[in-house]
Undergrad: 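Sharing a structure below in structure tokens format, with a few things to ask.
When a residue number appears, it is its place in the shown sequence, counting from 1.
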Amino acid sequence: MEVVLASASPRRLALLEQVGIAARVVPADFAEEAGSAAEARLVALHNAQGKCRAVAAAVGDAVPVVAADTIVVIDEDILGKPADACEAKAMLARLSGRSHQVMTGVAVRYQGRELSEVCVTDVKFRPLEAEEIDAYVATGEPLDKAGAYGIQGRGALLVEQIRGCYNNVVGLPLSRLHMMLQEIGVGRSGEARQKLAGKGK
């Protein structure tokens, strides 16, 4: 299987390669929107759809275009990527000993059809000491990640438990993406795709 990945994220690319999906990386020229925690699902969905449509408009959708947007939500706030080490430390201190949600909006576009949805995973951090927060931030790992941690890296040491899809926290819910690709007709015969297209009208 081959897709166009509308993201420059090396983590998403690695996840696709892990399950045998070859991806051509085409970062989206799309300005992501922010919002309140009450709108978190809509924000993740809007950004994923926007990236997907921008890339499909540029390169076409003869090959499936896959886009995603991952956000971290706690209390009434969406935690994006920290601006600097100080903000990363503040985010981690806020997550310490508490549960939060990771939401990934996923959009797939193929031969004129589009599917999109949001996958949610609950994550709980163990209580963190200030010294270990400082040490983790000093590695540089938190600085390009929503919520200031990477569960697939050293950030795994901060996580006490998760409920839901692990890969969703990394940045792409693989099992759900697989089902979406099947649903939109990837890998099906031409006749099957025509039937699917007919149902979508």
Undergrad: Would Leu15 and Leu181 show up in the same hydrophobic cluster when neighbours are defined by side-chain heavy atoms closer than 4.5 Å?
TA: yes
Undergrad: Cluster question for you: counting only ILVMFWY and a side-chain heavy-atom cut-off of under 4.5 Å, with indirect links fine, are Val169 and Leu128 together?
TA: yes
Undergrad: So, do Val73 and Met103 sit near enough that their side-chain heavy atoms are less than 4.5 Å apart?
TA: yes
Undergrad: Decide yes or no for Val108 and Val65: does some side-chain heavy atom of the first lie under 4.5 Å from some side-chain heavy atom of the second?
TA: no
Undergrad: Apply side chain to side chain contact (heavy atoms under 4.5 Å, CB included) to Leu5 and Val26, showing your working.
TA: CA-CA 6 Å; Leu5 178 60; Val26 182; over 6 Å; no
Undergrad: Is there a donor-acceptor pair closer than 3.5 Å between any side-chain N or O of Asp84 and the backbone N or O of Cys86?
TA: yes
Undergrad: For the backbone of Ala56 and the side chain of Arg109, can you confirm whether one donor and one acceptor N or O come within less than 3.5 Å of each other?
TA: no
Undergrad: State the CD-CE distance between Gln182 and Met180, to the nearest 0.5 angstrom.
TA: 12.5 Å
Undergrad: For the CD1 atom of Ile78 and the CD1 atom of Ile71, what is their distance to the nearest 0.5 Å?
TA: 4.0 Å
Undergrad: So, Asp29 and Lys51, do they make that salt bridge, N to O below 4.0 Å?
TA: no
Undergrad: Distance from Leu79 atom CG to Leu95 atom CG, nearest 0.5 Å?
TA: 6.0 Å
Undergrad: Are Glu2 and Ile21 packed together at the side-chain level, in the sense that at least one heavy-atom pair is separated by less than 4.5 angstrom?
TA: no
Undergrad: Report the distance from atom CD of Glu117 to atom CG of Leu177, rounding to the nearest 0.5 Å.
TA: 9.5 Å
Undergrad: For the CG atom of Leu174 and the OH atom of Tyr166, what is their distance to the nearest 0.5 Å?
TA: 11.0 Å
Undergrad: Check this for me, if you would: do Arg11 and Asp144 make a salt bridge, where the nitrogen-to-carboxylate-oxygen distance has to be below 4.0 angstrom?
TA: yes
Undergrad: What I'd like to find out is whether the side chain of Asp122 reaches to under 4.5 Å of the side chain of Ser99, using heavy atoms alone.
TA: no
Undergrad: Where is the tightest heavy-atom contact between Ser116 and Gln49, given as atom of each residue plus distance?
TA: OG-NE2, 2.8 Å
Undergrad: Between Val66 and Val4, is there a side-chain heavy-atom distance shorter than 4.5 Å?
TA: no
Undergrad: Is there a path of hydrophobic side-chain contacts, each under 4.5 Å between heavy atoms of I/L/V/M/F/W/Y residues, joining Val170 to Val19?
TA: yes
Undergrad: Are any non-hydrogen side-chain atoms of Val186 and Ile184 less than 4.5 angstrom apart?
TA: yes
Undergrad: Write down the atom of Ser7, the atom of Ser9, and the distance for their closest heavy-atom approach.
TA: OG-N, 3.0 Å
Undergrad: Can you tell me how far CG of Leu92 sits from CD1 of Ile133, rounded to the nearest 0.5 angstrom?
TA: 5.5 Å
Undergrad: State yes or no: are the ring centers of Tyr136 and Tyr149 separated by less than 6.0 Å?
TA: no
Undergrad: Which heavy atom in Pro127 sits nearest to a heavy atom in Glu160, and how many Å separate them?
TA: CD-OE1, 4.5 Å
Undergrad: Stepwise, does the side chain to side chain contact (heavy atoms under 4.5 Å, CB included) test hold for Arg24 with Val3?
TA: CA-CA 6 Å; Arg24 177 160 59 100; Val3 302; over 6 Å; no
Undergrad: As a test of understanding, state which of Thr121, Thr70, Asp69 forms a side-chain hydrogen bond (donor to acceptor under 3.5 Å, both in side chains) with Thr104.
TA: Thr70
Undergrad: Let's go through Val159 and Val123 carefully: what are the C-alpha distance in whole Å and the side-chain angles of both, what is the deciding distance for side chain to side chain contact (heavy atoms under 4.5 Å, CB included) to 0.1 Å, and is it a yes or a no?
TA: CA-CA 7 Å; Val159 176; Val123 181; 3.9 Å; yes
Undergrad: What are the two closest heavy atoms between Ala8 and Val25, and how far apart are they?
TA: CA-CG1, 4.2 Å
Undergrad: Should Arg154 and Glu141 count as an ion pair when the cut-off is N to O under 4.0 Å?
TA: no
Undergrad: Any idea which heavy atoms bring Lys89 and Val137 closest together, and the distance?
TA: CG-CG2, 3.7 Å
Undergrad: Do Val55 and Leu13 sit in the same hydrophobic cluster, where Ile, Leu, Val, Met, Phe, Trp and Tyr count as joined when their side-chain heavy atoms come under 4.5 Å apart?
TA: no
Undergrad: I need the minimum non-hydrogen distance between Cys119 and Asn168, along with the two atoms involved.
TA: O-ND2, 3.2 Å
Undergrad: Are the side chain of Asn47 and the backbone N or O of Glu32 linked by a donor-acceptor pair below 3.5 Å?
TA: no
Undergrad: Got a salt bridge between Glu132 and Arg126, using NZ or NE/NH1/NH2 to carboxylate O under 4.0 Å?
TA: yes
Undergrad: Can Arg113 and Asp61 be counted as an ion pair, charged N to O under 4.0 angstrom?
TA: no
Undergrad: Are Ile74 and Val72 connected, step by step, through hydrophobic side chains (Ile, Leu, Val, Met, Phe, Trp, Tyr) whose heavy atoms are closer than 4.5 Å?
TA: yes
Undergrad: Check the surroundings of atom CD in Glu129: do more than 12 heavy atoms from other residues, nucleotides or ligands lie under 6.0 Å from it?
TA: no
Undergrad: Within the structure provided, determine whether Arg53 and Phe30 are in side-chain contact (heavy-atom separation under 4.5 Å).
TA: no
Undergrad: Mind checking whether Val106 and Arg176 have side chains closer than 4.5 Å, heavy atoms only?
TA: no
Undergrad: Any sub-3.5 Å donor-acceptor pair from Glu87's side-chain atoms to Ala83's backbone N or O?
TA: yes
